[in-house]
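It should be emphasised that the depicted structure is a prediction, and the values quoted were computed from it without experimental measurement.
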Amino acid sequence: MIYFLLTRRNSFTVRNFLRSRGSAFSDRIRIIHWEEIGHLKSIRAGTFVFSDLDFLTPPQRLVAVRIFRQLQNRYPHVPVLNNPEAVLLRYDLLKKMAESGINMFTIARANEPLSHLKYPVFIREADRHTGTLTQLLHSETEVKREIKKLNLLGYRSEALLVVEYVDASDGGVFLKYSAFVLGDCVMPRYLNFSHDWNVKSMVSPEDVLMNSRKAEVAAYMNTNPHADWLKMIFNTAGITYGRADYALVNGKLQVWEINLNPAFVRPPKRVTKDHQQQRLMRDVFYNRFMAELEKMNFTSDEMVQLTITRADEQQMRVGLWPRIREGFHNRLVKDKLRYRVMRKICLAVAGLLSKGRIVSFKKSKCL
C-alpha cells in the first residue's frame, strides 16, 4: 500500500493520476485527508507520503511532526517520504538557496524590510502554487501599493513573497524545466518554452516554439542532464516526494520552487488537442514514475497503530472562513474568461480602495 496524506481541497492531484495513467495502482494507493487523520489510528502498514505540508498551518504541521515521529519510532521499517521536520517550504528554501550562492536572486516576505531587494520584483503567495500575483514591479513604492491592494483582497502580508526577477530567457525565449523526485530517484517531467517570462506548463498543438525545439525536449527527457544537481537540491530541501521547477540562467541552474503535491494533469480527450511533445514527455515520465512507484509499494499484513488525539483531529479541521478565502483566491488566478473578468473587477475595486477613492467601504466587497 501507498498512502498519500493530502488536504481535501488539493487531493485532485492523486485522484487525477488514479483516473488515468495510474489506474493500475487504484487498489494500492489510498488518499488520506489531513482533515481526517483519525483514519491513521489503526491502518495496514504501507508507504506514507507526507504531502501538502505547505498547505498546513504551523500548528497543523506540528501534528504532522508528531505522526511522523510515531511512525519513525514505532515502525522504523515502514517507508515515509517527506519528513515534516526536515522539509524546507518555499520561503526557507529560496532563502537558503540565495545564502548558499546557488540562486542569484533572493526574496522577502511582504511584511519584512524590502530595501535590500534588487528590482524588478514580483509578488506571489508563499505557500500556494498560484503563480505570480502581479506584473514586474520596479520600485518599493509600486510593491507597497500592490501589497495594499492584495491585503484588501484578503491576502495576508506574511503569506506573500516579494521575489527578485531573474531573466531566464535565451534569445528572447524563456525555458522552464521541471523534475520529480520519488524516494531517491530523480526524473525529468517536462521542458516548456514561452516568449512570456511567466512560463505555463500546458501548450496548444499549434505551439510554434514547442514544435521548433523537439530535439531539445527529447534530449532533456532522455538524458536527465541535471540529475546530480537536482539530487543536491532535493536533499538540501529535505524532500523525497515532489516536483522542482527550475531554469538555466547564464549557464547556472536556478531553482524557482518545489511543489510537495505535484499535479498529474489528465491528457485532452481529443488527440488533436494534445501536443505531440506533451505526449512524449508524459510517456517518458510516466514509464519511469510508475516503475519507481512499484518499488515504493510496501506490502505487509502488519497493522500500524498510531496515537491520534481528539485535539489533533480538531486541529487539522479547516474553518469555514479560511475555506472561503482560499476558494476565492484560487478562482482569482484562474485563466478562464469569467475569472479574468472577476480578477480585473476585484483589482480595480482594491485599487480604488487603496487610494481612498471609495470612502464608504472599509473592506473589499470582492470578499
Side-chain angles (χ1 to χ4, degrees), residues 13 16-17 19-24 102-104 129 131-132 165-182 184-234 241-259 261-294 334-336:
T13 55
N16 279 349
F17 173 67
R19 289 170 183 166
S20 54
R21 294 286 187 116
S23 58
I102 293 172
N103 278 352
M104 58 181 69
H129 306 283
T132 177
Y165 168 76
V166 174
D167 187 345
S169 64
D170 180 13
V173 176
F174 293 85
L175 283 71
K176 178 184 175 183
Y177 296 94
S178 185
F180 257 72
V181 64
L182 181 62
D184 58 3
C185 180
V186 171
M187 60 203 92
R189 175 60 188 94
Y190 59 73
L191 169 59
N192 284 127
F193 311 90
S194 176
H195 290 298
D196 191 311
W197 65 274
N198 192 15
V199 185
K200 302 296 184 182
S201 58
M202 296 300 291
V203 297
S204 69
E206 297 79 25
D207 191 284
V208 176
L209 278 175
M210 188 65 85
N211 288 332
S212 66
R213 304 182 78 144
K214 294 179 181 178
E216 198 171 343
V217 171
Y220 175 66
M221 296 303 298
N222 292 320
T223 64
N224 199 6
H226 310 133
D228 291 340
W229 180 83
L230 286 162
K231 285 180 181 178
M232 181 270 293
I233 296 297
F234 284 124
Y241 176 74
R243 189 197 72 220
D245 293 337
Y246 65 103
L248 187 62
V249 181
N250 298 326
K252 187 176 181 181
L253 291 165
Q254 305 284 287
V255 61
W256 303 138
E257 67 172 332
I258 300 179
N259 189 332
N261 184 10
F264 297 92
V265 180
R266 287 187 286 176
K269 293 180 180 179
R270 295 183 182 179
V271 176
T272 55
K273 297 288 185 182
D274 195 14
H275 196 288
Q276 181 183 7
Q277 296 304 100
Q278 292 278 27
R279 291 199 302 273
L280 166 69
M281 291 186 287
R282 280 200 307 272
D283 289 343
V284 174
F285 167 72
Y286 280 113
N287 285 341
R288 292 173 179 167
F289 181 75
M290 291 196 289
E292 292 302 317
L293 208 57
E294 284 282 3
K334 287 182 180 291
D335 203 33
K336 291 183 179 180

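To the nearest 0.5 angstrom, Leu175 atom CG is 5.5 Å from Glu216 atom CD. Taking OH of Tyr286 as the reference point, atom CG of Leu293 lies at 11.0 Å (rounded to 0.5 Å). For the atom pair Phe289 CZ and Glu294 CD, the distance stands at 11.5 Å (nearest 0.5 Å). For the atom pair CG of Leu182 and CZ of Arg288, the computed distance is 13.5 Å after rounding to the nearest 0.5 Å. To the nearest 0.5 Å, atom CD1 of residue Ile258 and atom NE2 of residue His129 are 10.5 Å apart. Atom CE of Met221 and atom CG of Asn287 lie 10.0 Å apart (nearest 0.5 Å).
Judged by distance alone, with hydrogens and angles left aside, the side-chain atoms of Glu257 form no donor-acceptor pair with the main-chain N or O of Ala244 at under 3.5 Å. A distance-only check finds a donor-acceptor pair linking the side chain of Asn224 to the backbone of Val186 [under 3.5 Å].
With a 6.0 Å radius and a threshold of 12 heavy atoms from other residues, nucleotides or ligands, Asp196 has its CG atom above the threshold. More than 12 heavy atoms of other residues, nucleotides or ligands lie within 6.0 Å of CG in Asn222, so this atom counts as buried by the packing criterion.
Here the side chains of Asn192 and Gln278 are in contact, with some heavy-atom distance below 4.5 Å. In this structure, Tyr177 and Pro188 have side chains that are not in contact, with every pair of non-hydrogen atoms separated by 4.5 Å or more. Counting heavy atoms from C-beta outward, Val173 and His195 have side chains that approach closer than 4.5 Å. The closest side-chain heavy-atom distance from Leu191 to Arg213 is not below 4.5 Å. Using a 4.5 Å heavy-atom cutoff, the side chains of Val255 and Trp229 are in contact. For the pair Leu253 and Ile233, the minimum side-chain heavy-atom distance is 4.5 Å or more.
Scanning both residues, Met290 and Gly22, for their nearest heavy atoms gives SD-CA, 4.4 Å. Closest heavy-atom contact between Ala179 and Leu230: CB-CD1, 3.5 Å. Taking every heavy atom of both residues into account, Lys231 and Asp184 meet most closely at CE-O, 4.0 Å.
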Residues 245-252 side chain polar contacts: donor-acceptor under 3.5 Å, at least two apart:
| from | atom 1 | to | atom 2 | distance (Å) |
| --- | --- | --- | --- | --- |
| Asp245 | OD1 | Ser178 | OG | 3.0 |
| Asp245 | OD1 | Arg243 | NE | 3.1 |
| Asp245 | OD2 | Arg243 | NH2 | 3.1 |
| Tyr246 | OH | Tyr220 | OH | 2.8 |
| Tyr246 | OH | His226 | ND1 | 2.9 |
| Lys252 | NZ | Gly101 | O | 2.6 |

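A cation-pi geometry, defined here as NZ or CZ lying under 6.0 Å from the six-membered ring centre and within 45° of its normal, does not hold between Arg189 and Phe180.
Thr13 and Asn261 share a donor-acceptor pair across their side chains, judged by distance under 3.5 Å alone. Between the side chains of Ser169 and Asp167, at least one donor N or O sits under 3.5 Å from an acceptor N or O.
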